[in-house]
Amino acid sequence: MTERHICVANANKAGLLANELTRLSAVARRAASAGGEELMRHYGQLEMVNNKGQAGDLVTSADLAAERAVLELLSAATPEIGILAEESGMQQGDTELCWCVDPLDGTTNFAHGYPFFACSVGLTWKNRPVLGAVAVPFLKELFWASPGEGAFCNNQPIQISFCTSLLDSLLVTGFAYDRHTRLENNYAEFCWLTHRTRGVRRGGAAAVDLAFVAAGRLDGYWEHGLSAWDLAAGVALVDIAGGTITSLDGSTFDLGEGCIVAGSAPLHRCLLNELHQVIPLPGKTFGAPELDSMGS
């Protein structure tokens, strides 16, 4: 079952009126912008890069500084709303409304000086997206969306691509940190769709990928193994910009599952149909024969 207008429904269920949505949207924009400004202060001059325990899962001094800046602003502006942040976990109260914060989405990119990264701030109700903002500071762009206001890049309205054919589409995806240890690693899907589209990009920052889909720069997106803070703001952008979002099996999108397919309604159907035909590549084809038996 495909689903659109997720955020409007969630805002209504949460009892959020127009004036409160406008206020919270402004808070999200200020918080994402503050995080983005902090990231640019650290860009190209990192003091610390550590591994969080899993190969390729990094944390830097910029992640921590940006998270402090975002959390200080959110705590002051909305002390009644809980905060789930990537680096520090759950903060404040246990209200049904919660901010999901990724202070630096694209940490590996950032650590290497690759300028594709973002600060993402999304508001959820009962773990369901409501609104959000994604600052892409190197590009000096702030993507934001809120029910009743619309979706924007800086102050310009954005909308989903009109592309309806996979053959004419440019897609984007990513690979989870645990791709080295499971057969369901998205390699086969990447190959399959690369041969059926104009191309598939791998940006390395889910929030930016979703922002670009919302703005029509990319036509569709799918990925496994994401966290709520990776998705909350970006899903709000795509939904409010007119996109369709589901889980990978086509069921109702669940922020906690970490799996997503997003795009315009016609392209979304095509993308789901193709993904359902993909068989994982044997591990021996990419130098990991042990994955043949491990599965996912």
Practice problem: Would you please test Glu223 and Phe175 for side-chain contact (heavy atoms from CB on, under 4.5 Å) and show each step? | Solution: CA-CA 7 Å; Glu223 193 166 347; Phe175 303 94; 6.0 Å; no
Quiz item: Donor-acceptor pair, Ser264 side chain versus Cys163 backbone, under 3.5 Å?
Solution: yes
Self-check item: Residue list, side-chain contact (heavy atoms from CB on, under 4.5 Å) with Lys284, at least two apart or on another chain
Solution: Pro282, Pro289, Asp292
Practice problem: Before giving the answer on side chain to side chain donor-acceptor pair (under 3.5 Å), spell out for Glu274 and Trp192 the whole-Å C-alpha distance, their side-chain angles and the decisive distance to 0.1 Å. | Solution: CA-CA 8 Å; Glu274 293 296 331; Trp192 184 276; 2.7 Å; yes
Quiz item: Are any of the side-chain heavy atoms of Thr197 and Leu171 separated by less than 4.5 Å?
Solution: yes
Exercise. Using distance alone, with no hydrogens and no angle criterion, decide if Asn186 and Thr173 have a side-chain donor and acceptor under 3.5 Å apart.
Key: yes
Exercise. Would you mind reporting whether Val101 and Leu84 have side-chain heavy atoms less than 4.5 Å apart?
Key: no
Quiz item: Leu21, Leu142: one ILVMFWY side-chain cluster at the under-4.5 Å cut-off?
Solution: no
Quiz prompt | Leu97 side, atom CG; Leu16 side, atom CG - distance, nearest 0.5 Å | solution = 5.5 Å
Quiz item: Salt-bridged, Arg30 to Glu72, with N to O below 4.0 Å?
Solution: no
Quiz item: What are the two closest non-hydrogen atoms of Ala214 and Ala241, and how far apart are they?
Solution: O-CB, 3.5 Å
Quiz prompt | Joint cluster assignment, Leu237 & Leu170, ILVMFWY side-chain distance < 4.5 Å | solution = yes
Exercise. Rounded to the nearest 0.5 Å, what's the gap from CG on Asp168 to CZ on Phe162? Could you check?
Key: 15.0 Å
Quiz prompt | Atom CZ of Phe286 with >12 non-hydrogen neighbours under 6.0 angstrom | solution = yes
Quiz item: Side-chain donor-acceptor pair under 3.5 Å between Ser161 and Asp219, yes or no?
Solution: yes
Quiz item: Taking atom NE2 of His112 and atom OG1 of Thr107, what is their separation to the nearest 0.5 Å?
Solution: 11.0 Å
Self-check item: Least distance between heavy atoms, Ala206 atom then Tyr221 atom
Solution: CB-OH, 3.4 Å
Self-check item: Arg128 side chain reached by Ile6 side chain, heavy atoms, under 4.5 Å
Solution: no
Quiz item: Does the side chain of Leu39 come within less than 4.5 Å of Cys119's, by heavy atoms?
Solution: yes
Quiz prompt | Any donor-acceptor N/O pair, Thr285 side chain to Leu281 backbone, under 3.5 Å | solution = no
Quiz item: Which class fits the ring pair Tyr43 and Phe138: parallel under 30°, tilted 30 to 60°, perpendicular over 60°?
Solution: perpendicular
Self-check item: Worked check of side-chain contact (heavy atoms from CB on, under 4.5 Å) between Trp222 and Val200
Solution: CA-CA 10 Å; Trp222 85 95; Val200 179; 3.8 Å; yes
Practice problem: Using the rule that two of Ile, Leu, Val, Met, Phe, Trp, Tyr join whenever any of their side-chain heavy atoms come within less than 4.5 Å, decide whether Val130 and Val8 are in one cluster. | Solution: no
Quiz item: Of all heavy-atom pairs between Ala69 and Ala34, which one has the smallest distance, and what is that distance?
Solution: CB-O, 4.3 Å
Quiz item: So, the side chain of Asn109 versus the backbone of Phe116: is there a donor-acceptor pair under 3.5 Å, distance only?
Solution: yes
Quiz item: Shortest non-hydrogen contact from Val70 to Ala31?
Solution: CG2-O, 3.4 Å
Exercise. Could you tell me whether the side chain of Asn154 and the main chain of Gln156 form a donor-acceptor pair under 3.5 Å?
Key: no
Exercise. Please round to the nearest 0.5 Å and tell me the distance separating atom CZ of Phe152 and atom CH2 of Trp144.
Key: 4.5 Å
Exercise. Would you sort out whether Phe117 and Leu104 count as a side-chain contact (heavy atoms from CB on, under 4.5 Å), showing the intermediate values?
Key: CA-CA 7 Å; Phe117 56 86; Leu104 173 48; 3.7 Å; yes
Quiz item: Is a side-chain N or O of Asn10 found less than 3.5 angstrom from the main chain of Pro129, in a donor-acceptor match?
Solution: yes
Quiz item: Is Val261 close to Ile245 at the side-chain level, that is, under 4.5 Å between some pair of heavy atoms?
Solution: no
Quiz item: Leu17 and Leu24: same hydrophobic cluster, using ILVMFWY side-chain contacts below 4.5 Å?
Solution: no
Quiz prompt | Residue pair His224 / Ala176: nearest heavy atoms and the distance that separates them | solution = O-CB, 4.1 Å
Quiz item: Counting distance only, does the side-chain N/O of Ser165 pair as donor-acceptor with the main-chain N or O of Leu167 below 3.5 Å?
Solution: yes
Quiz prompt | Glu189 (side chain) donor-acceptor with Asn185 (main chain) under 3.5 angstrom | solution = no
Quiz item: With sequence neighbours excluded, what pairs up with Asp254 under the salt bridge (Lys or Arg N to Asp or Glu O under 4.0 Å) test?
Solution: none
Quiz item: Out of curiosity, does Leu139 fall in the hydrophobic cluster containing Val134 (side-chain heavy atoms, cut-off under 4.5 Å, transitive links)?
Solution: yes
Exercise. State, yes or no, whether a side-chain contact exists between Leu275 and Leu248 at a heavy-atom distance under 4.5 Å.
Key: yes
Quiz item: Should Trp99 and Val121 count as side-chain neighbours, where that means a heavy-atom distance under 4.5 Å?
Solution: yes
Exercise. Might you point out which heavy atoms bring Leu210 and Val235 nearest each other, and give the distance in Å?
Key: CD1-N, 4.0 Å
Quiz item: Can you list the residues that meet the side chain to side chain donor-acceptor pair (under 3.5 Å) rule with Glu149, with sequence neighbours excluded?
Solution: Ser25, Ser146
Practice problem: Evaluate the criterion side-chain contact (heavy atoms from CB on, under 4.5 Å) for residue pair Thr252 and Thr246; output intermediate values, then yes/no. | Solution: CA-CA 5 Å; Thr252 299; Thr246 66; over 6 Å; no
Self-check item: Backbone of Ser227 reached by a side-chain donor or acceptor of Asp230 within 3.5 Å
Solution: yes
Practice problem: Look up atom CG in Asn127 and atom CG in Leu255, then write down how far apart they are to the nearest 0.5 Å. | Solution: 4.5 Å
Quiz item: Roughly how far, to the nearest 0.5 Å, is OG1 of Thr124 from CD of Glu96?
Solution: 10.5 Å
Self-check item: Glu184 side chain reached by Pro280 side chain, heavy atoms, under 4.5 Å
Solution: no
Quiz item: So, the side chain of Asp239 versus the backbone of Cys7: is there a donor-acceptor pair under 3.5 Å, distance only?
Solution: yes
